[in-house]
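Here is the structure we will look at, set down as structure tokens.
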2 protein chains.
Amino acid sequence: MDYNQFKHCGLNVALGILSGKWKAIILYHLFHQESMRFTELWRIIPKVTKKVLLEHLKQMEHQGLLIRSEVNTFPPEVYYKLSDKGKALAPALSALEVWANEYAREEVDLLKSK
Amino acid sequence: MDYNQFKHCGLNVALGILSGKWKAIILYHLFHQESMRFTELWRIIPKVTKKVLLEHLKQMEHQGLLIRSEVNTFPPEVYYKLSDKGKALAPALSALEVWANEYAREEVDLLKSK
DNA sequence: TAACCTGTTCACTAATTAGTAACCATGGAC
DNA sequence: GTCCATGGTTACTAATTAGTGAACAGGTTA
């Protein structure tokens, strides 16, 4: 098998971008829902605080994974959605998911049962 | 495109396992070298301290990604290599690498230049 | 008028991770 | 004897991340 296909710099960057307690869930929901309001995300993700959720979203927007748009009404409406860069993560995330379900079943089931 | 292929639990588990400042480099080297001694890894990875490297290795061994074997000589010889579970990460890591090189070139080049 | 809503910020604490530096055991080289 | 080497440990500090709870603007509803 040829492993020369990946050099650690890219891997490092990718894992760095994906690091953060709530990144997986945020990505998961945005892959399934196209566009979501801040509060909607906040309500659907159990136990995150607004502050931390916002920090994650800001960081992801900054990294170009997410696009944020606000509708200037009252109360304000802010929508988050995946950018092309974010969408392009699909195959990699999917591969990670497949790996976890095949090789880390126990941990996955444990997480699911909570 | 069908994104239903990944559910966030598996993704969460995978990203959790892959989180840690030196995981990418450790994996990278073990994908390229089959088996490495502790000190060899320690010397080849710039700036990690023994303590932290050891913590990472222990954790990865515990999670079943790595196999540790010691030869009882003096001075001691301890070898680390990827398990099947670890090797099975190849496609996912490779996909992340590809993504980073395509969509996060700047960060990658920045890291490479250091 | 009071209470409610949304997206954000702020000041502060707690928890988790990483880093520093010294120390151990002990066989072999000098 | 003294010093080096290997794979660890330990006690302690620093840095990074996450969590808590309150505040704000200001239009809408009661």
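Values reported hereafter were calculated over all heavy atoms of this structure, with side chains retained and with hydrogens, waters and symmetry mates removed. Letters go in sequence order (proteins before strands), and every chain restarts at 1.
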A:Y79: side chain to side chain contact (heavy atoms under 4.5 Å, CB included) partners, not counting sequence neighbours: A:S35, A:R37, A:S69, A:V71, A:E77
Whichever of A:G20 and B:R37 has its nearest DNA chain D nucleotide further upstream toward 5': B:R37
Gap between atoms [atom1] and [atom2], on [X] and [N] respectively (whole Å):
| X | N | atom1 | atom2 | answer |
| --- | --- | --- | --- | --- |
| A:K58 | D:dA18 | NZ | P | 15 Å |
| A:I45 | D:dG19 | CD1 | P | 11 Å |
| A:K51 | D:dT16 | NZ | P | 15 Å |
| B:I25 | C:dA18 | CD1 | C1' | 14 Å |
| A:E55 | D:dT20 | CD | P | 13 Å |
| B:Q59 | C:dT16 | CD | P | 13 Å |
| A:L54 | C:dT9 | CG | C1' | 9 Å |
| B:L53 | C:dG19 | CG | C1' | 13 Å |

Sugar-phosphate only, base, or nothing, as touched by B:K47 at under 4.0 Å among non-hydrogen atoms: nothing
Sugar-phosphate only, base, or nothing, as touched by A:W22 at under 4.0 Å among non-hydrogen atoms: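 Answer is sugar-phosphate: A:W22 comes under 4.0 Å of backbone atoms only.
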Would you say [X]'s side chain and [Y]'s backbone share a donor-acceptor pair under 3.5 angstrom?
| X | Y | answer |
| --- | --- | --- |
| A:S83 | A:G86 | yes |
| B:W22 | B:L53 | no |
| A:E70 | A:V78 | no |

Taking only the side-chain nitrogens and oxygens of [X], find out if one of them lies under 4.0 Å from OP1 or OP2 of [N].
| X | N | answer |
| --- | --- | --- |
| A:K21 | D:dG19 | yes |
| B:R43 | D:dT6 | yes |
| B:K50 | C:dC24 | no |
| B:H56 | C:dT17 | no |
| A:K23 | D:dA18 | no |

Partners meeting salt bridge (Lys or Arg N to Asp or Glu O under 4.0 Å) with A:K85 (sequence neighbours left out): B:E107
Nucleic acid contacts of residues 74-83 of chain A, taken as heavy-atom distances under 4.0 Å to DNA chain C: A:P75, A:P76, A:E77, A:V78, A:Y80
Non-hydrogen side-chain atoms of A:K81 and A:L66 separated by less than 4.5 Å: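 Of all side-chain heavy-atom pairs linking A:L66 with A:K81, none is under 4.5 Å.
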A:K23 and A:Q59: side chain donor to acceptor below 3.5 Å: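 A:Q59 and A:K23 do have a side-chain donor-acceptor pair below 3.5 Å.
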